[in-house]
2 protein chains.
Amino acid sequence: MTMPEPKSKRDEIREAAARLFRDKGYAATSMRDLAGAVDIKASSLYNHFDSKEDILRQICFDNAQRFLAGLQEVENSADSATEKLRALIGLHIQIATEDLTSITAFNDEWRHLNEPYLSEFKTIRRDYERRFQSIIEDGMNKGELRSMDSHIATYTLFSSMRWLYDWYKSGKRISADELQRDISALLMNGLSV
Amino acid sequence: MTMPEPKSKRDEIREAAARLFRDKGYAATSMRDLAGAVDIKASSLYNHFDSKEDILRQICFDNAQRFLAGLQEVENSADSATEKLRALIGLHIQIATEDLTSITAFNDEWRHLNEPYLSEFKTIRRDYERRFQSIIEDGMNKGELRSMDSHIATYTLFSSMRWLYDWYKSGKRISADELQRDISALLMNGLSV
DNA sequence: CCTACCGATCGGTAGG
DNA sequence: CCTACCGATCGGTAGG
């Protein structure tokens, strides 16, 4: 009886690491904790990864890539700024629902990267933020969106999607569709009637 | 020449700790790091605090108290739900501008508390969230606010104010008044024109 | 993948 | 507030 070809040991370690980094934080997670989670000895982890930071690095950069790829697709569309923003809200929700633990570790623990990776990560992140903000500014210039400080608008949108990581963790049953509908309505049309 | 009666050594340690916890995280901050920041030896820290966690505990519970006190005041007012929400947005912005480092440590590092303090902290936090949510539900029932999932509305509002901690850190010059005006406008009336 | 082990660093204490 | 020190634990390596 062959198993459905599950994940490699390497992937298993990566997922366990993402979970531990999310739950305890990177610094408070020891290689012995991680080894115990995948039923091997700590020294055996080094057959799969060069270092503790190497694991974090892959979690951070792989997820950054997912966000950038999604953004690229939205940018290439012929949609209005309003539709692009809805699509981006959907992108964040979709990524959060697909791979929650990994995303949370990516979001909260990247600061533990060492140079030169830390600077590289920050550059990628800034690039994402700028391109996101450009879409908002474009919408303001075209009169689709309310004129206001575009930094404030950008960061408010960003972080309003960030709580999803905590929310899903607590096991709430709510569909991605309903989330996208309600959050989009709130951000685009406001809480007032 | 008498100095303006500055802070006690204890307060000095607390502030240095908040800064280190914010910048490196609680787990990655050693008592030797902290001692160096206030120019004493690590062992001398124990004349002021019982343990490393004791410092974190005070940062977490003191700040929780500030939020609860502000919420209490808003609840006691005779304002409409809309006005209460504006006041709460103002409360979060005001606290963030007053004592930024401490608030960031409080927000990100409380999970490193040990029992029974961890449970106590979570209880207080849940209480705050519930009362915040009650105000939103009240506004929906009275027809002031758009009907939607009140959990989603609550958490979106919460986290949309959380990015302030990162934002101010990067040294942006923008007044608390402008922040409150723009964020309130976005959340209450939406980004669409 | 394991056993055995390394030097460094950790939070904290004793005693003054 | 310091010197001197503790046992525990850390990330990582050697060698098989």
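These values consider heavy atoms only, across backbone and side chains, with no hydrogens, waters or symmetry-generated copies. Just so we're on the same page: letters track the sequence lines, and every chain starts at 1.
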Each nucleotide N or O in nucleotides 11-16 of chain D that has a protein N or O under 3.5 Å away: list the pair and distance.
{"residue": "D:dG11", "atom": "OP1", "partner": "A:T29", "partner atom": "O", "Å": "3.3"}
{"residue": "D:dG11", "atom": "OP1", "partner": "A:K52", "partner atom": "NZ", "Å": "2.9"}
{"residue": "D:dG11", "atom": "OP2", "partner": "A:M31", "partner atom": "N", "Å": "2.8"}
{"residue": "D:dG11", "atom": "N7", "partner": "A:R32", "partner atom": "NH1", "Å": "2.8"}
{"residue": "D:dG11", "atom": "O6", "partner": "A:R32", "partner atom": "NH2", "Å": "3.0"}
{"residue": "D:dG12", "atom": "OP2", "partner": "A:Y46", "partner atom": "OH", "Å": "3.0"}
{"residue": "D:dG12", "atom": "OP2", "partner": "A:K52", "partner atom": "N", "Å": "2.9"}

Subject >> Stepwise side-chain hydrogen bond (donor to acceptor under 3.5 Å, both in side chains) check, A:E178 with A:S175 >> reply: CA-CA 5 Å; A:E178 185 180 354; A:S175 73; 4.6 Å; no
Which pairs would a plain distance check flag for residues 85-100 of chain A, meaning a side-chain donor or acceptor within less than 3.5 Å of a matching protein atom at least two apart in sequence or in another chain?
{"residue": "A:H92", "atom": "NE2", "partner": "A:Y128", "partner atom": "OH", "Å": "2.8"}
{"residue": "A:Q94", "atom": "NE2", "partner": "A:E98", "partner atom": "OE2", "Å": "2.8"}
{"residue": "A:T97", "atom": "OG1", "partner": "A:I93", "partner atom": "O", "Å": "3.1"}
{"residue": "A:T97", "atom": "OG1", "partner": "A:Q94", "partner atom": "O", "Å": "2.8"}
{"residue": "A:E98", "atom": "OE1", "partner": "A:R66", "partner atom": "NH2", "Å": "2.7"}
{"residue": "A:D99", "atom": "OD2", "partner": "A:R66", "partner atom": "NH1", "Å": "3.4"}

Original post:
Can you find a pair of side-chain heavy atoms, one from A:R131 and one from A:Q72, that are under 4.5 Å apart?
Top reply: yes
Original post:
Do you see a donor-acceptor pair shorter than 3.5 Å between the side chains of A:E137 and A:Q133?
Top reply: yes
Original post:
Is there a residue in residues 9-18 of chain B whose heavy atoms reach under 4.0 Å of DNA chain D, and which residues are they?
Top reply: B:K9
Subject >> Distance-only donor-acceptor check, side chains A:T123 and A:E120, under 3.5 Å >> reply: no
**OP:** Please work out the stems of DNA chain D from pairs that are Watson-Crick or G-U wobble with both distances under 3.5 Å, keeping only runs of three or more consecutive pairs.
**Re:** C:1-16 with D:1-16
Report all side-chain donor-acceptor pairs from residues 183-193 of chain B shorter than 3.5 Å, counting only partners two or more places apart or in another chain.
{"residue": "B:S184", "atom": "OG", "partner": "B:Q180", "partner atom": "O", "Å": "2.8"}
{"residue": "B:S192", "atom": "OG", "partner": "A:M188", "partner atom": "O", "Å": "3.4"}

Original post:
Starting at NZ of B:K41 and ending at P of D:dC1, how long is that distance when rounded to a whole Å?
Top reply: 13 Å
Original post:
To the nearest angstrom, how far is A:D39 atom CG from C:dC1 atom P?
Top reply: 10 Å
Original post:
Is the centre of the B:F132 ring less than 6.0 Å from the centre of the B:Y155 ring?
Top reply: no
**OP:** Let me know which of B:F121, B:F21, B:Y26 forms a ring-ring contact (aromatic ring centres under 6.0 Å, His included) with B:H112.
**Re:** B:Y26
Subject >> Partner set under side chain to side chain contact (heavy atoms under 4.5 Å, CB included) for B:K142, not counting sequence neighbours >> reply: B:D138, B:E144
Original post:
Between B:F106 and B:F67, is the gap from one ring center to the other below 6.0 Å?
Top reply: yes
